Amino acid sequence: MMAAVQPLESLPAPGRRQSFGRNHIAMDIDIETRAPRASHEMTIRGGLQQGDARIVVIMYGPGQEQIVAVFAEVLGKPYRLKGGIRDVTRDDQDWVIGVSAESAKAEIASRNRGLVVTINAHCTTLGMPPDVYLSAQTDYEWLYTEASFFRRDLTRFVSHTLGQLSHHETLMAKPRTYFISTTFPDVHAALPNIDILTVGSDAVEIRVDLLKEPLGNGRFSEIPSLSYVGEQLMLLRQRTELPIIFTTRCTKENGRFPMDNPDLFYEYLYRAIQWGVEYIDVELWLPETIRRRLYEQRGSSRIMSAFHDFSGTFKWPSQRAESIFLQSRRYADIVKMIAIINDHNENFELEYFRSKIKAEYPDSPPLSAVNMGETGQFSRTLNKVFTPITHPLLPIIAAPGQMSAAEINQALALVGQLPKKNIYGITSPSMRSAIPQAPFYEKCFNELGLPHHFAVVERQPKGLASIETWCNQRNFGGAYLNPAMSLTNLATSKGFFASLNNGNGPVLSEAARLIGMVDTIVVRPATSSSSASTPSSPPRQQNGDSVGAVGSTQSGLPPNTSLVFDNASWKGILSTLTRDLAPSAYFGCAAVVLASSADDAASALFALKALKVGKVYTVGFKTPPAFAKDLLIEPFNSLESIQRARTVNANGTESIRAGAGSPFVVVSALGPEKSNLVGMLVRLFGSPPRGAAGAGRENSRRVFLDLADGSGHGPRKGDPGLIAEQCGFAAYGAADVTAFTTVETLRLLVGQNVPYSFVRLASGRQFF
Ligand SMILES: O=C1C[C@@](O)(C(=O)O)C[C@@H](O)[C@@H]1O
């Protein structure tokens, strides 16, 4: 029998089918992601897109030419400098072009907007603000500091503005999302604690109206200047990987932005779009012309329409409330409605309003609606889209009644909406020497106010009996498996797993099915009840069926509960590879994957497939047929084949991108005993022979990822990572992948976002 297969996100066509259970029934449910997406762009996977195909023109300040090379490297393109924007022609397609800000000024207004996309790269140490005319005219503007140059910030900026990575799509697929409303007058104060402040948050709001720009003599400007706001935003973005929400809250809605000049709002909010801020808060009272313009000009940013009613007379069951929603949704990607209430019953009225809107306007943008004040706190526990939260470390709360993520979870737990679960880290005897993870998970649960219990348990080397026993409990809340187990192994079940879903076996995510390895077991509660979207639930189910569910006759797990077998590690690999490079750096490139078995290689292959690499050379394993279908695979079986790979184009075309020729990325899952082989290949590919194809990409540092570097023990002799760095690669190790995988695991198991930086911080950097 086949396992029940269910795409948990937008995924490529199904490949290999996996047998599981007794009835041999295949259930491939092909469901489109519900998240909105731009029709002209092709979604590659869960938020990765081809993006803007125009020629990127970087405008640089005096003496700052080198920034063009960095942009080019991040984008994976060659670059050249030109005298002016007008000199850019179709022949520059796939190049990054640098033009001095000085020269660009004369031509920027008359540029061919269909051909070029302009980015004003301004180093703040040259002085602020940047040239105001260029700022106003450019498509995007990136502010950076020379002293502490943050490559990650640039990667994120271009991945977002050029539409290669969409946070929104991924976030809207989460069962619950939160954002922290920071209320600092100066973000410097937030930076030392930003990792802790943002635990549980999916985004960070910068309350621009609350920023206080010092003027000297203890005075502050009435509203912070764009120049000050730009620097504050830059600082925040350099320190958090989370999407930012840019808010200019007006005086009537509990903010400080004066309302006498709506154009001022436009000026700030449009600049935020140019700065590549992911979410722009646009108040509903603003003139429609302004709201429409911002919506039309939003590029890759998303508009959060905002309406607050502090009058105390607002009624959810009213024509007015509905018409406010309808007005808001015209120019919004998320509709936010917030009101002061007087009576607890009005929380129920809001819930009725929420479900009515969902039923009557199913294609509308998601609604984020809460009530303010203590009386309204109940609604903050029920809202599921971008619930605003606070944190005890913030100087003030942003609105009356705001709660922290921990308070919301504790409240949910108290009223039975977030029952205590047992969550397991299932290891094997081979992992005995590994550093214990239990303290880390306990720390996270504690920080998040989750009631769950975490335990690391060791499975027997053979058989599934112990795992099935842990999973077949009423309070089972999910598990990670380290090391991961193969589906083939799990499919030998004749017991609990095989009995799931009326004998069809557990639900398999597409990733687990294609990779053939399971590292996460997610419990999905029955969907019809409200429990389906409690924080402990896995990603939103795409249909109403309870596939993979435990039959009502089962003991252990509650009736109609599903178990989803998933794989988180491919996401860890993907996040590592795209931390310092935009996805486009990988599109069409050649890759090498080294592993001693297909099982060890599969997660990397899946990540590379998501990144649309052009070709994968393999060493040491036979590629599963499912991958061979979508990836161009060539095993290295002789020295000649390696030699060829060093000199031949990646996918046979002559374009510069594809002509990256010799492999751009090398991923190794080979253990330390094979270090010599890995080192040799890295040396070979680190220095492509003269004249090899790939002209123009010489500026790009190739990427080496060692998935088996036994991290935590420092560099070893013959360490392939060290050799890779000496050969000009950017080297990443298992520590990065493990931390990013943990982020994904926590999202899957408890539905909460724990930023990468917190994972690294809380683990003391020694777990991984
Ligand atoms: O719109 C909102 C919601 C909010 O007003 C609240 O009620 O929590 C807090 C604001 O910072 C945010 O912009």
Side-chain angles (χ1 to χ4, degrees), residues 176-185 187 190 197-198 200-212 224 229 232-233 236 242-257 259 265 268-269 272 277-286 291 301-312 314 316 324-325 328 332-341 346-347 350 354 365-408 411:
R176 273 185 182 248
T177 40
Y178 299 92
F179 71 86
I180 181 148
S181 317
T182 63
T183 50
F184 293 101
V187 300
L197 275 173
T198 52
S201 289
D202 296 281
V204 183
E205 177 183 54
I206 177 165
R207 280 286 301 267
V208 172
D209 58 295
L210 297 182
L211 294 174
K212 287 178 113 183
V229 174
Q232 292 273 307
L233 181 75
L236 183 61
L242 294 180
I244 307 259
I245 302 172
F246 187 96
T247 303
T248 48
R249 185 69 63 239
C250 72
T251 45
K252 194 168 159 235
E253 301 193 8
N254 203 30
R256 299 224 180 108
F257 240 61
M259 298 172 74
F265 285 79
Y268 278 65
L269 298 175
V277 177
E278 289 82 356
Y279 290 97
I280 316 293
D281 181 289
V282 180
E283 296 181 338
L284 185 66
W285 68 271
L286 286 166
R291 291 191 296 120
S301 300
R302 293 290 167 260
I303 303 290
M304 201 183 261
S305 166
F307 165 84
H308 288 75
D309 192 311
F310 281 84
S311 68
F314 183 80
W316 290 106
I324 284 169
F325 175 81
S328 307
D333 298 291
I334 292 176
V335 173
K336 189 162 61 176
M337 290 176 67
I338 295 179
I340 283 273
I341 53 162
E346 292 173 78
N347 289 315
L350 165 54
R354 208 191 297 280
L367 170 67
S368 170
V370 298
N371 288 321
M372 283 180 286
E374 220 173 308
T375 320
Q377 283 187 324
F378 182 62
S379 68
R380 294 188 184 256
T381 69
L382 297 180
N383 179 62
K384 286 167 192 129
V385 180
F386 270 141
T387 305
I389 53 172
T390 184
H391 192 280
L393 290 174
L394 287 174
I396 49 167
I397 51 166
Q402 254 194 351
M403 301 161 82
S404 67
E407 283 169 339
I408 291 179

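As the structure is a prediction and not an experimental result, all values here were calculated from the model. Order of appearance sets the numbers: ligands from 1, and atoms from 1 within every ligand. Values below: every heavy atom of this structure, side chains too, minus hydrogens, waters and symmetry copies.
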- [ ] Over all heavy atoms of both residues, which pair between P365 and A332 is shortest? Give the atoms and the distance, please.
- [x] CG-O, 3.3 Å
- [ ] Could you check which of R380, K336, R249, M403 puts a non-hydrogen atom nearest to atom 8 (O) of ligand 1?
- [x] R380
TODO: Scan F265, F246, W285 and name whichever one has a ring pair (Phe, Tyr, Trp, His ring centres under 6.0 Å) with F257.
DONE: F265
TODO: Record the part of E253 in heavy-atom contact with ligand 1 below 4.0 Å; permitted values are side chain, backbone, both and neither.
DONE: neither
- [ ] Scan V187, T247, I245 and name whichever one has a side chain to side chain contact (heavy atoms under 4.5 Å, CB included) with I206.
- [x] V187
Task: Distance filter under 4.0 Å to A398 heavy atoms, resulting ligand 1 atoms - done: 9 (C), 11 (O)
Task: Atom indices of ligand 1, in the order listed, that fall short of 4.0 Å to a heavy atom of A399 - done: 4 (C), 5 (O), 6 (C), 7 (O), 8 (O), 9 (C)
- [ ] Go through Y279 and F179 one step at a time and tell me if the side chain to side chain contact (heavy atoms under 4.5 Å, CB included) criterion holds.
- [x] CA-CA 11 Å; Y279 290 97; F179 71 86; over 6 Å; no
Task: Nearest-neighbour protein heavy atom for atom 3 (C) of ligand 1, which is reported as residue plus atom name and distance - done: I338 CD1, 3.3 Å
- [ ] Looking only at protein heavy atoms, identify the closest one to atom 13 (O) of ligand 1 and say how far it is in Å.
- [x] E205 OE2, 2.4 Å
- [ ] Show which atoms of ligand 1 fall inside a sub-4.0 Å distance from at least one heavy-atom site of R207.
- [x] 10 (C), 11 (O)
Open item on the list: Under 3.5 Å between any N/O of T247 and any N/O of ligand 1: does that happen in this structure?
Closed with: no
Task: Closest protein heavy atom (residue, atom, distance) for atom 5 (O) of ligand 1 - done: H308 NE2, 2.8 Å
Open item on the list: I'd like to check which ligand 1 atoms, numbered from 1 as shown, lie under 4.0 Å from a non-hydrogen atom of Q402.
Closed with: 6 (C), 8 (O), 9 (C)
- [ ] Inspect the contact between R291 and E283 and indicate whether a charged nitrogen and a carboxylate oxygen are less than 4.0 angstrom apart.
- [x] no
Task: Numbered atoms and elements of ligand 1 in range of S181, under 4.0 angstrom, heavy atoms - done: 9 (C), 11 (O)
Open item on the list: Between ligand 1 and D281, is the shortest N or O to N or O distance under 3.5 Å?
Closed with: no
Task: Minimum heavy-atom distance I389-S404, with the two atoms named - done: CG2-C, 4.2 Å
Open item on the list: M337 and side chain to side chain contact (heavy atoms under 4.5 Å, CB included): which single residue from I324, L284, D309 fits?
Closed with: I324
- [ ] Can you label the angle between the F307 ring and the F314 ring as parallel, tilted or perpendicular, going by 30° and 60°?
- [x] tilted
